[in-house]
Amino acid sequence: MKIKEFLRAIADFAVPRTCLVCGRSLADKEGAEICLECCLNLPRTGMHSVATQSRGLNAVQERLADGPPLLYGAAWFYYSRNSPYATLIRTAKYYSRPDCGRSLGSMYARELMADAPEIARHIDVLLPVGMHWLKQLRRGYNQSREIAEGMGSVLGIAVGDNLTAVRGHATQTRRTADERRKNLKGIFAISHPEEIRGLNVAVVDDVITSGTTAAEAARAVLDAGAATASIFALGLTNS
């Protein structure tokens, strides 16, 4: 037994690993967050094969149709707050588990590579959606950055920190589409725009809901001089 496997066995004995979705104990060969059965039943969007505009718009691009043009737009699975799979996002976001975000990002990236390997060749840098410094201070980390780090480790793409939130914003809950746009207008800025000028940039987020946040992030990237902007997220709400 290798040292890494031995240490993991000890850790599993002390604190048994359980699937975040169904709660059952995880086997040695299973991932860090989800069992094989739940992974097989993940409500995948299946949109990676139509991630480019040349193949027709997918649900992400349709939701962002009023925003800036995208080279790629995709999400891994359909997200519903009432689904047991929502625990994956909530754990990565709220429960002091940055490792969960990295693990999920890696899983997503492996499927991207299997379904659409050309994507990695057409992206130069991943930029996680920025979090206002005060909010990040309270949470301790930016879950979008952890997701991006996990994706980048598999795709072989560098992760930047240029996309920053210049101010906080009020909750988007119960706001109309127009109110959401006004609430987030100008919230993002690019630090050191010369670092992304002329590059193909992919913005990484946890969940796309109305698409307003993703659109504002992509707009900031393009306004800073990036050649193209893309959007990738773990989850996509059904509405």
Side-chain angles (χ1 to χ4, degrees), residues 48 51-53 60-61 63-64 67-76 89 92-93 98 100-110 112-113 116 118-137 139-169 184-236:
H48 305 138
T52 64
Q53 290 186 353
V60 167
Q61 292 168 317
R63 196 163 300 185
L64 276 71
L70 299 178
L71 177 62
Y72 297 113
W76 189 20
I89 300 295
K93 193 169 185 175
C100 178
R102 290 192 298 274
S103 177
L104 294 173
S106 297
M107 293 174 65
Y108 178 29
R110 284 193 287 272
L112 271 175
M113 288 293 285
E118 71 274 12
I119 289 178
R121 297 193 296 268
H122 297 159
I123 300 296
D124 299 310
V125 63
L126 302 175
L127 291 187
V129 167
M131 180 184 290
H132 189 255
W133 68 270
L134 189 57
K135 185 175 183 179
Q136 184 164 337
L137 183 64
R139 184 169 297 172
Y141 61 96
N142 178 355
Q143 73 278 355
S144 294
R145 178 165 190 89
E146 302 303 328
I147 295 165
E149 291 286 358
M151 293 183 68
S153 66
V154 173
L155 299 175
I157 300 175
V159 178
D161 58 0
N162 304 69
L163 183 58
T164 62
V166 296
R167 58 177 173 81
H169 66 86
L184 290 177
K185 186 174 178 59
I187 192 173
F188 296 116
I190 297 294
S191 60
H192 304 291
E194 70 279 359
E195 294 181 351
I196 67 165
R197 192 167 295 131
L199 299 183
N200 299 301
V201 177
V203 173
V204 178
D205 205 359
D206 51 2
V207 176
I208 294 174
T209 51
S210 69
T212 307
T213 300
E216 281 299 313
R219 184 173 290 108
V221 163
L222 292 173
D223 287 347
T228 64
S230 299
I231 299 290
F232 294 102
L234 291 182
L236 175 70

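Values in this document were obtained by computation on a predicted structure and should not be read as measured data.
The backbone N or O of Ala214 sits nowhere less than 3.5 Å from a side-chain atom of Arg219 that would complete a donor-acceptor pair. Side-chain N or O atoms of Ser106 include one that pairs as donor or acceptor with a backbone N or O of Gly150 at under 3.5 Å. Within the 3.5 Å criterion, the main-chain N or O of Asp205 finds no donor-acceptor partner in the side chain of Ser144.
Looking only at side-chain heavy atoms (C-beta outward), Val154 and Tyr108 stay at 4.5 Å or farther from each other. Counting heavy atoms from C-beta on, the side chains of Ile157 and Met151 never come closer than 4.5 Å. Side-chain contact between Ile147 and Phe232: absent, with no pair of heavy atoms (C-beta onward) separated by less than 4.5 Å. Between Val207 and Leu234 there is no side-chain heavy-atom pair separated by less than 4.5 Å. Considering only heavy atoms from C-beta on, Arg139 comes within 4.5 Å of Met131 through its side chain. Within the 4.5 Å cutoff, the side chain of Val201 has no heavy atoms near those of the Asp124 side chain. Looking at heavy atoms from C-beta onward, Leu236 lies in side-chain contact with Arg63 at the 4.5 angstrom threshold.
Closest of all the heavy-atom pairs between Ala224 and Ile196 is CB-CD1, 4.0 Å. When all heavy atoms of Ile208 and Ala233 are compared, the pair lying nearest together is CG1-CB, 3.7 Å. Between Leu163 and Ala217, the closest heavy-atom pair is CD2-CB, 3.8 Å. Nearest heavy atom pair, residue Val129 against residue Asn142, reads O-ND2, 2.9 Å. Across all non-hydrogen atoms, the minimal contact from Pro128 to Gly160 is CD-O, 3.2 Å. Nearest heavy atom pair, residue Leu70 against residue Ala218, reads CD2-CB, 4.0 Å.
The structure places CD1 of Ile187 at 7.0 Å from OG1 of Thr213, a figure rounded to the nearest 0.5 Å. Distance check, rounded to the nearest 0.5 Å: OG1 of Thr228 to CG of Leu222 gives 7.5 Å. Between the CG atom in Leu112 and the CE atom in Met107 there is a gap of 12.5 Å [rounded to 0.5 Å]. Arg110 CZ to Ser153 OG: the interatomic distance, rounded to the nearest 0.5 Å, is 8.0 Å. We find the CG-CD1 distance between Leu155 and Ile119 to be 8.5 Å, quoted to the nearest 0.5 Å. Summarising the geometry, atom CD belonging to Gln143 is positioned 9.0 Å from atom CD belonging to Gln136; distances are rounded to the nearest 0.5 Å.
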**Request:** Please assess Ile123 against Ser230 for the test side-chain contact (heavy atoms from CB on, under 4.5 Å), listing each intermediate value before the final yes or no.
**Result:** CA-CA 8 Å; Ile123 300 296; Ser230 299; 3.7 Å; yes

**Request:** Determine, stepwise, if the pair Val60 / Tyr72 fulfils side-chain contact (heavy atoms from CB on, under 4.5 Å).
**Result:** CA-CA 9 Å; Val60 167; Tyr72 297 113; over 6 Å; no

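The pair Arg102-Glu146 meets the salt-bridge criterion, since a charged nitrogen lies less than 4.0 angstrom from a carboxylate oxygen. Between Arg197 and Glu194 there is no salt bridge, since no side-chain nitrogen of the basic residue lies less than 4.0 Å from a carboxylate oxygen of the acidic one. Under the 4.0 Å criterion applied to side-chain N and carboxylate O atoms, Lys93 and Asp206 are assigned as salt-bridge partners.
A donor-acceptor contact closer than 3.5 angstrom is absent between the side chains of Ser191 and Asn162.
With sequence neighbours left out, Thr164 forms a side chain to side chain donor-acceptor pair (under 3.5 Å) with no residue at all.
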